[in-house]
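Below is one structure, written out as structure tokens; the observations come after it.
Atoms within a ligand are numbered from 1 in the order they appear, just like the ligands themselves.
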Amino acid sequence: MLQTDPCILVIFGASGDLTSRKLIPAMYEMHVLGQLHASTVILGVSRTAKTDDQWRDELKPWIAQQAKGFDEAKWSDFAKRIHYFAGDAAKPDCYPALDTRLGEMAQQKGTKGNLLFFLSVAESLYEPIVQQIDEAGLVTEGKRWCSIDPATKSWQRIIVEKPFGHDAVSAASLNRALGRAFEEESIYRIDHYLGKELVQSMLVLRFANSIFEPIWNGQYIDHVQISALETVSVGQRTAFYDQTGAIRDMIQSHLFQILAFVAMEPPTLYTPENVRAEKIKIIDSISVPTADEVAAHCALGQFASDGKEGAYHELAGVAPNSTTETYAAIKVHFDNWRWGGTPFYIRSGKKAAAKRTEVVVQFKPPAANLFRKVTGFGGEAPNRLVIEIAPRERFNLRFEVKVPGFGLRAAAVDMQMDYGNEFKAEPIEAYGPLIVDAMRGDQTLFKHRIEVEGAWNAVMPFLDDRSAKARANIHGNYACGSWGPASADELLGRDGRAWRNEP
Ligand code: BG6
């Protein structure tokens with residue numbers, strides 16, 4: 001296993017929700033699990049003036065609430081790693097003092113000049129901050145004057161949170177801005193879905209077994225469903241969400257990561273380069289619908305009022321004529337030999353019937369049904385593999401068996417592997433292992449520039465003017481607590497298929 005280097009984790013956006021709710025609790029969990037180098041420290045950067053201790057006091061309740069196994073003694077130990085710096089990171093005058101502070105910390109803690117920046121700010125600030133980091137000379141790795149002696153060589157890396165751009169053009173612009181300051185090897189485009197156990201486990205299931213891969217193609221698989229449904233609403237983030245919507249917020253980012261792992265070709269070796277190369281290829285082979293096809297390839301919705309909260313377009317912060325989708329289902333095809341003709345249906349929505357993140361791999365019916373004259377054998381397609389990613393972590397494989405007793409009757413049964421039961425492991429915050437990977441210099445679970453731009457190209461028809469027809473009559477077109485709008489059922493219904501909507 002690669003060693004975790006000592007470093008300063010510099011979080012821009014220290015006062016933000018993501019930092020307190022996810023990043024710091026994740027770092028606490030990593031501290032408790034012994035995954036952080038003893039010298040590693042955290043420096044939060046935000047505009048509000050506060051001391052290290054004030055920030056620690058603010059963070060403590062979040063850790064107690066969010067992290068697994070809160071313990072006072074461990075917290076006191078972890079709190080020593082936490083520091084704060086007040087400044088506007090998008091402005092140049094912040095940097096002389098920040099540079100001095102980083103230098104002092106490096107000296108005191110022995111972090112060897114290694115810096116891991118984390119952009120946890122509004123997306124509009126990404127480019128200005130990256131530019132300031134560069135102009136302040138904080139990135140020395142790869143520069144002519146940087147030491148090449150391994151003993152004294154330092155690194156500077158940057159983790160970039162989603163949304164990575166707003167569309168294909170802005171993502172390319174952000175990539176260029178990052179590229180001016182950092183090498184591609186130092187840019188970590190994070191997607192917390194890649195930190196989820198079951199998402200990573202899909203690669204092991206597919207490629208560490210010999211029983212799945214031979215049938216993992218359009219000859220045996222009828223279709224695949226990828227769902228990420230949530231019961232929650234958009235919360236306080238209405239203004240952000242109204243500029244974003246379900247396709248940007250969930251599908252282009254998180255669900256395309258799952259899609260890539262389900263559909264990609266086997267890498268020759270589990271290395272960052274090989275895994276990322278296969279992801280680039282599979283995303284690049286998504287067939288982009290023509291303008292005429294868009295409406296038939298997607299279903300978009302906005303939740304109606306549930307009596308307590310208004311309908312989406314009535315919420316404060318949302319434009320009354322907003323057509324931003326809080327639910328989206330899209331149909332994806334790949335232009336490649338493995339999947340030619342096999343549809344992948346992808347959906348995500350707020351205020352749905354259940355929290356459900358899962359992959360359904362539906363196999364075709366047997367090529368010949370020798371039981372067709374026997375009662376109880378419908379010749380349907382019983383075989384399916386359901387990979388439950390959240391809230392439960394389970395693999396379920398369904399197949400037909402004979403029902404005990406006289407006569408020949410069949411029933412579909414599920415064989416199940418439950419992660420909690422099998423490994424007695426509690427799920428941990430997905431950000432933790434990913435940030436530790438960045439500290440180790442392992443990019444396997446981070447997105448490459450070309451992949452991100454490819455993912456944007458694939459969804460643009462569902463976002464721009466080509467999607468206008470699919471957005472007509474969107475207001476309140478699905479009930480809260482439902483599985484989505486009727487058009488989502490029709491999307492599969494037209495192909496003679498149905499969503500797995502099992503509670
Ligand atoms: C975030 C989205 O990236 O992922 C949120 O911005 C969404 O809208 C969240 O609720 C879902 O993450 P998880 O891990 O709870 O499935």
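Using a 4.5 Å heavy-atom threshold, the side chains of H313 and Q302 count as touching.
When the options H254, E429, E161 are ranked by their closest heavy atom to atom 4 (O) of ligand 1, first place goes to H254. Which of K196, K350, E230, K355 comes nearest to atom 15 (O) of ligand 1 through a heavy atom is settled by distance: it is K355. Distances from atom 12 (O) of ligand 1 to the heavy atoms of K162, M250, K22, H192 show the closest one on H192.
Heavy-atom proximity to D249, at under 4.0 Å, picks out these atoms of ligand 1: 2 (C), 5 (C), 6 (O), 8 (O). Those atoms of ligand 1 with a heavy atom of R237 less than 4.0 angstrom away are 2 (C), 5 (C), 6 (O), 8 (O).
Remark: R21 is not positioned above the aromatic ring of W62, lacking an NZ or CZ atom under 6.0 angstrom from the ring centre and at most 45 degrees off the axis. Cation-pi contact between K196 and Y193: present, with separation from the ring centre below 6.0 Å and deviation from the ring axis of at most 45°.
With hydrogens and angles disregarded, a donor-acceptor distance shorter than 3.5 Å links the side chain of E29 to the backbone of E429.
Between D306 and K351 there is a salt bridge, since a side-chain N of the basic residue sits under 4.0 Å from a carboxylate O of the acidic one.
At a heavy-atom cutoff of 4.0 Å, ligand 1 is contacted by no atom of Y241, backbone or side chain.
For ligand 1, the polar-atom distance check finds an N/O of Y193 within less than 3.5 Å of one of the ligand's N/O atoms.
The ring of F344 has its center closer than 6.0 angstrom to the ring center of F334.
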